[in-house]
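Numbered from 1 within each chain, the chains take letters A, B, ... in sequence-line order.
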Protein chains: 2
Amino acid sequence: MRGQALKGHLDLLLLAILADGARHGYAIIDELRERSDEAFDLPEGTVYPALHRLQKGGFLSSEWTEVQGRRRRTYRLTEQGRGALGEQRVAWNNFTEAMSRVLKGAAWPDTP
Amino acid sequence: MRGQALKGHLDLLLLAILADGARHGYAIIDELRERSDEAFDLPEGTVYPALHRLQKGGFLSSEWTEVQGRRRRTYRLTEQGRGALGEQRVAWNNFTEAMSRVLKGAAWPDTP
DNA sequence: GTTGACACATAGCTAAACATAGTATAGATT
DNA sequence: AATCTATACTATGTTTAGCTATGTGTCAAC
């Protein structure tokens with residue numbers, strides 16, 4: 001996927017993944033890749049800072065766990081995060097609808 | 001509409017508007033606002049630099065016209081711009097489909 | 001003992017949307 | 001006459017957020 005498409009929509013993706021249950025960062029990356037059919041193959045440098053930002057904003061909580069010698073930081077949605085997910089879903093729907101209205105008006109270059 | 005949602009999708013919008021015929025910057029802003037039902041009310045500081053960027057990239061051509069004492073720079077799609085519009089439409093579809101796949105998996109906070 | 005998957009962190013770059021301000025004309029309002 | 005509003009473009013600077021790059025460390029496999 002071309003790079004900057006998900007600008008501004010990454011938070012929604014992360015919140016949506018975590019709405020299905022608490023996960024650690026690496027697992028979130030995996031699941032994003034799988035659910036999107038490889039479309040979203042996000043680098044760690046994208047996801048980890050975003051998770052930190054969301055936690056700082058109060059949308060996520062986290063705790064350290066240790067699994068077979070490997071430390072993991074497991075994130076889960078807060079109440080506020082659940083609310084934000086709902087809002088961002090609505091915003092996403094509004095956005096795509098506005099996009100379609102604009103795109104619908106335009107002539108298709110490939111179809112005469 | 002919340003500001004930064006269209007990050008990375010503005011070019012597609014501009015190309016789509018211009019696919020219906022040549023227009024000058026201010027008219028593009030107007031039509032974007034109308035077609036989107038006020039959702040996209042973009043400031044000039046967003047649109048004009050984007051038009052310059054698209055022209056610099058070879059996707060648009062422009063010429064000065066004078067209408068009732070007011071100078072206008074009228075933009076039109078180049079052949080390359082028409083191609084880019086097609087590509088970006090496909091990319092947009094892929095993007096929204098990937099988003100829905102991720103969002104579909106997630107539990108809705110409002111619906112039990 | 002080196003490679004590769006797992007798992008996290010962060011300093012710094014960059015692009016792009018946006019804020020802000022400035023220039024200038026035309027027409028309506030005061 | 002003066003001011004305001006809409007029209008129309010330009011330039012400068014800020015900010016945000018995704019990404020690159022790099023570093024740390026564990027474990028299993030080869």
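Residues Y75(A) and W64(A) place their aromatic rings such that the two centres sit no closer than 6.0 Å.
If you measure from atom CZ of R73(B) to atom C1' of dT7(D), you get 17 Å, rounded to the nearest angstrom. In this entry the distance linking NE2 of H9(A) with P of dG18(D) reads 10 Å, nearest Å. Atom OH in Y26(A) sits roughly 13 Å away from atom C1' in dC27(D) (whole-Å rounding). The distance from atom CD of Q88(B) to atom C1' of dA16(C) is 14 Å, rounded to the nearest whole Å. Rounded to an integer number of Å, the gap from L42(B) CG to dC9(D) P is 15 Å. Rounded to whole angstrom, the span from the NZ atom of K7(A) across to the C1' atom of dA17(C) amounts to 9 Å.
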Quiz item: With the sugar-phosphate defined as primed atoms, P, OP1 and OP2, and the base as all remaining atoms, what B/S/- string results for nucleotides 20-27 of chain C, 5' to 3', for protein heavy atoms under 4.0 Å?
Solution: B----BB-
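Within residues 52-66 of chain A, the residues approached by DNA chain C to less than 4.0 Å at the level of any non-hydrogen atom are H52(A), W64(A), in residue-number order.
Minimum heavy-atom separation, A50(A) to L14(A): CB-CD1, 3.6 Å.
The aromatic rings of F40(A) and F95(B) stand perpendicular to each other, their planes meeting at an angle above 60°, with 30° marking the opposite boundary.
Mapping L10(B) and G25(A) onto DNA chain C by nearest heavy atom places G25(A) at the nucleotide closer to the 5' end. Judged by closest nucleotide on DNA chain D, Y75(B) is the one of T46(A) and Y75(B) placed further toward the 5' end.
L51(A) has its side chain within reach of I28(A): a pair of non-hydrogen atoms, C-beta onward, lies under 4.5 Å apart.
One finds a salt bridge joining D20(B) and R35(B) here, because a Lys/Arg side-chain nitrogen approaches an Asp/Glu carboxylate oxygen to under 4.0 Å.
Applying the salt bridge (charged side-chain N to carboxylate O under 4.0 Å, His left out) definition to pairs two or more places apart or across chains, those involving residues 59-78 of chain A are E63(A)-R76(A).
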